[in-house]
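Presented below is the structure to which this report refers.
Keep in mind that the numbers below use all heavy atoms, side chains included, and drop hydrogens, waters and symmetry copies.
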Amino acid sequence: MNHIVSVSNVSKNYNLGQVVVPALRGVSLDVAEGEFLAIAGPSGSGKTTLLNLVGCVDTPSSGTVTVDGKQTGLLGERELTRLRLHTIGFIFQSFNLVSVLSVLQNVELPLLLQRASTARERQRRVLELLDRVGIREYSKHRPSELSGGQRQRVAIARALVTRPKLVLADEPTANLDSVTGTNILNLMKELNQSEKTTFIFSTHDARVWAYASAVVRLADGQVQDRVSAEEAVRAGGLPVGRPA
Amino acid sequence: MRGYLDTLKVIVQIALRNLFASRLKTLIVGGIILFGSLLVVVGTALVDSVDASMSRSVIGSVAGHIQVYSAKSKDELTVMGGMNMESPDLTPIDDFAALRRTLLSVPNVNAVVPMGLSAAMVTAGNTVDVVLERLRDLARRKLAGEDVQAAYESEKDHVRQIVTVLSADMDNVRKIQNEKAISQEDVDAVAKAASAELWAGFDSDPYPALEFLENRIAPLASDADMLFLRYLGTDVDAFAKSFDRMRIVDGQPIPRGQRGFLFAKWVYEQQVKLKTALRLDRINDGISKRSKTIARSEELQRWIKQNTTEVKEIMLQLDGQKTASFRRLLQGELGSQENDVAKLLAEFFRVDDANFARRYHFFYDRLAPQLELYRVRVGDMLTIKSFTRTGYVQSVKLRVYGTFVFQGLEESHIAGELNLMDMVSFRELYGSLTPERAREVQEIKAMAGMKEVSREQAEAELFGKQDLGGAASVGSAQRPVDEAETALRSLAGRQQRVDRASQPYDPAQLEQGDVLNAAVIVRDPGRISQTIKDIEAAGAKAGIPLHAITWQKASGLVGQFVTMIRAVLYISVLIIFAVALVIINNALVMATLERMPEIGTLRAVGAQRRFLLSMLLVEALAVGVLFGSLGALLGAGIVGVIHAVGIPAANDILYFLFSGPRLHPSLSPANVIISLSIVLAVSAISSIYPGLLAMRVSPRQAMQSDD
């Protein structure tokens with residue numbers, strides 16, 4: 001089985017003035033293609049840092065991160081950006097749509113940045129995805145005219161529009177009510193199945209784990225364990241000794 | 001290519017929508033840019049137009065494109081507009097022919113006009129003197145038996161009328177000021193002139209009385225103001241040819257080879273014309289050309305007041321017949337029973353908006369034909385006295401051939417204050433050593449027994465070679481008295497030579513003598529600075545060290561005026577755009593900071609840094625182009641309106657700058673291009689810092705739950 005992502009003994013330190021704050025301490029993690037991987041852990045456990053490293057928006061202080069066969073620490077700014085554009089899709093906790101563009105334009109944006117397709121091809125792809133996420137009728141709307149769930153659907157469409165190998169979702173359901181959250185998870189799972197796209201999402205919501213192919217639990221910048229979804233749910237979602 | 005275009009489209013779209021999203025900020029920034037570009041368009045169009053019109057004025061009136069003068073001169077040359085009335089101290093260039101040859105050897109030089117600038121005080125005839133001279137002449141002819149009785153009586157009446165006017169005038173002054181304002185001697189003199197005794201014996205023996213009147217009374221009529229005249233000595237033909245805006249108004253040009261004087265029409269009107277008439281003209285101009293009203297303009301009211309109080313000027317011109325005629329005319333016009341003409345005149349000149357036009361025409365149609373409107377008439381001889389370069393007084397009597405204007409500059413005193421004189425007479429007044437003068441000086445020296453003594457030998461020559469107390473053997477001490485007398489007679493004879501100044505001269509003399517400066521007309525005005533270098537080089541090569549200066553410099557303060565306005569304009573533009581730069585920069589920085597998560601998102605989903613830079617640049621440029629064009633368009637509209645309406649020249653300085661009564665500025669593409677370039681440059685520059693800021697935004701900014 002190919003590893004789309006391979007994190008090996010990675011540490012990441014942030015300099016806050018004089019103080020060096022370790023965010024990750026010797027994390028190793030392999031993600032196979034087609035996984036629907038949840039990264040769990042409380043605030044400050046290093047979930048987002050790990051996603052940043054995997055998402056190529058940051059590079060490790062030590063250790064190596066390999067994404068789609070490329071070691072990110074060896075890449076320059078522009079190559080990292082290109083890697084993000086072509087290989088990775090992002091779904092953010094607060095959706096992060098471009099407020100001045102319409103739904104359709106938001107979804108089309110990564111394709112435009114790629115400069116690989118014609119207007120017609122883009123149009124078809126965007127509408128197809130909007131259909132898939134169920135908001136085609138809102139294609140002309142501005143994000144501010146949509147509900148939270150609808151916005152996240154737009155974000156999902158945007159993340160998938162370039163057919164990335166990997167989609168990273170940072171707390172995708174945190175800003176949604178539980179019903180909408182469930183719908184979004186169902187959608188993501190369905191796309192994971194149908195498009196064979198690898199999903200990695202961070203969450204500290206125990207209900208989400210049930211959807212994951214596996215749950216990696218982080219605590220204090222270290223991988224606690226890697227368990228199946230059932231185990232994680234049984235364990236109350238938290239690493240050993242931590243009540244919910 | 002398509003991809004680039006589509007990306008650009010999305011960049012533009014994002015940029016424009018961002019601008020729209022923060023409308024207020026955009027409008028404020030845009031407003032400043034709009035105002036700035038409007039100012040640039042209107043300002044540069046105006047200044048360019050003034051520059052063009054003024055250069056027409058300066059080049060076309062006196063200066064020519066380039067002025068040259070001797071590099072040895074003490075002062076810098078200015079041909080017009082100097083604040084002090086003194087002419088610059090220039091070292092003459094001895095040989096004009098050589099100068100002309102040298103200048104014409106420069107390819108771009110088309111014509112050369114010799115020049116010299118100076119000024120003189122000139123006494124123009126005193127009315128009383130003129131009247132007394134006529135009376136003396138008539139008395140002589142009457143005594144000789146000619147039949148001039150009627151004219152003689154009228155002239156006698158006129159003199160008595162003058163005495164009456166002076167007497168009344170004196171009483172007035174004494175009343176208004178105090179008893180001592182006028183000396184008792186003058187009071188007595190006027191009383192004597194009015195007395196019956198003086199006139200009783202006049203018919204049989206007029207000469208003692210005339211002498212008394214000429215010596216004691218004429219000086220009291222202080223209407224004989226000195227005229228201060230600035231004049232330009234030149235080759236009048238060449239001048240008229242090179243400065244083709246020159247037009248003769250009255251009289252004729254000075255004929256070739258004749259000495260003569262041409263009044264600048266402006267000087268002629270302002271200084272030589274009857275003051276009352278001049279003030280009426282000014283009031284008329286104020287009403288008809290500058291839409292003033294007597295009721296509201298203090299200036300017009302002041303002139304009217306002066307006209308009503310200073311009727312003496314007219315009264316002195318009226319003899320018995322004219323007094324009667326004026327009385328009849330004025331009584332009829334005013335419907336008055338008043339018999340005192342002075343009071344009638346005062347009443348007549350007390351005009352208001354309702355009756356001014358009628359009275360103005362009445363004055364010129366009915367009264368003026370009986371008056372001498374100008375103290376010096378075309379055809380008169382004018383005696384010009386001037387200090388020569390070496391400091392003695394030289395005078396030349398010249399015929400006044402006429403008056404002239406520069407077309408389009410009729411009402412400008414800057415172009416109108418220079419009168420013209422033939423070059424030969426100018427040299428005479430300037431004290432140049434013309435061949436005949438050199439001969440004359442030689443004669444005087446010979447007669448006075450002078451000899452050249454070198455400085456080294458002067459002591460020995462003057463005080464004897466031995467230092468023993470021997471008698472100094474200076475030749476002149478032993479000259480017989482009669483030879484000194486001959487020398488004096490010769491000096492007196494000079495007066496006659498000066499009178500000969502009205503005789504023709506050989507036109508070749510124009511070429512031979514010296515000049516102070518010369519105007520150069522070039523073929524291609526675009527190459528003036530190169531031509532100046534060429535001229536100075538040619539001068540150096542020919543052994544005539546020359547300074548050549550542009551018309552701007554030659555016209556002194558006037559020429560620098562436009563440079564000054566331009567500087568002020570550019571500085572204000574600079575300030576406005578500096579402010580605009582700061583404001584646009586701040587607005588964009590704020591926009592960038594507000595949009596950090598959005599920019600981070602764009603970076604995260606794969607936008608390169610240059611995408612963001614382009615986005616901000618497009619935002620700045622969009623505002624710049626939109627509002628800059630709007631401003632330029634509005635500016636062009638304003639210039640168009642001003643062009644159609646014209647800016648009236650409110651005073652004579654503006655008249656000169658505008659090269660006419662109205663400035664019709666026109667828009668050149670350069671004005672708009674400059675404006676838009678500045679706007680675009682400012683927009684681009686102001687997006688640099690926010691661009692850098694945006695480029696530093698990390699894609700991590702998109703992840704809000706950063707732990």
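- One distance of note links CZ of Arg700(B) with OG1 of Thr48(A); it measures 11.0 Å at 0.5 Å rounding.
- In this structure, the separation between CZ on Arg603(B) and CG on Leu85(A) is 11.5 Å, given to the nearest 0.5 Å.
- Below 4.5 Å, heavy atoms of chain A meet heavy atoms from Gln13(B), Ile14(B), Arg17(B), Asn18(B), Ala21(B), all part of residues 13-28 of chain B.
- Heavy-atom neighbours of Phe611(B) CZ from other residues, nucleotides or ligands within 6.0 Å: above the threshold of 12.
- Between chain B and the options Arg158(A), Arg82(A), Gln114(A), Gln105(A), the largest number of non-hydrogen pairs under 4.5 Å is found for Gln105(A).
- Only the side chain of Leu113(A) comes within less than 4.5 Å of a heavy atom in chain B; its backbone stays farther off.
- Across every non-hydrogen atom of Asn96(A) and Pro597(B), the tightest pair is ND2-O, 4.4 Å.
- The CD1 atom of Ile11(B) sits 9.5 Å away from atom CG of Leu112(A), with the distance rounded to the nearest 0.5 Å.
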For side-chain contact (heavy atoms from CB on, under 4.5 Å), just list the numbers for Val98(A) and Thr601(B), CA-CA rounded to whole Å, side-chain angles, deciding distance to a tenth of an Å, and then say yes or no.
CA-CA 8 Å; Val98(A) 179; Thr601(B) 306; 5.7 Å; no
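- Checked by atom type and distance alone, the side chain of Arg609(B) never pairs as donor or acceptor with a backbone atom of Arg78(A) at under 3.5 Å.
- A 4.5 Å side-chain heavy-atom check between Leu109(A) and Val10(B) finds at least one atom pair inside the cut-off.
- Atom OH of Tyr211(A) has more than 12 neighbouring heavy atoms from other residues, nucleotides or ligands inside a 6.0 Å radius.
- Contact record, Ala604(B) with Phe92(A): CB-CZ, 4.0 Å, taken as the closest heavy-atom pair.
- Contacts of Glu598(B) with chain A are made by side-chain atoms alone, with heavy-atom separations under 4.5 Å and no backbone atom involved.
- For Thr162(A), no part lies near chain B; criterion is any non-hydrogen pair under 4.5 Å.
- The stretch residues 613-632 of chain B places none of its residues near chain A, where near means some heavy atom under 4.5 Å from a heavy atom of that chain.
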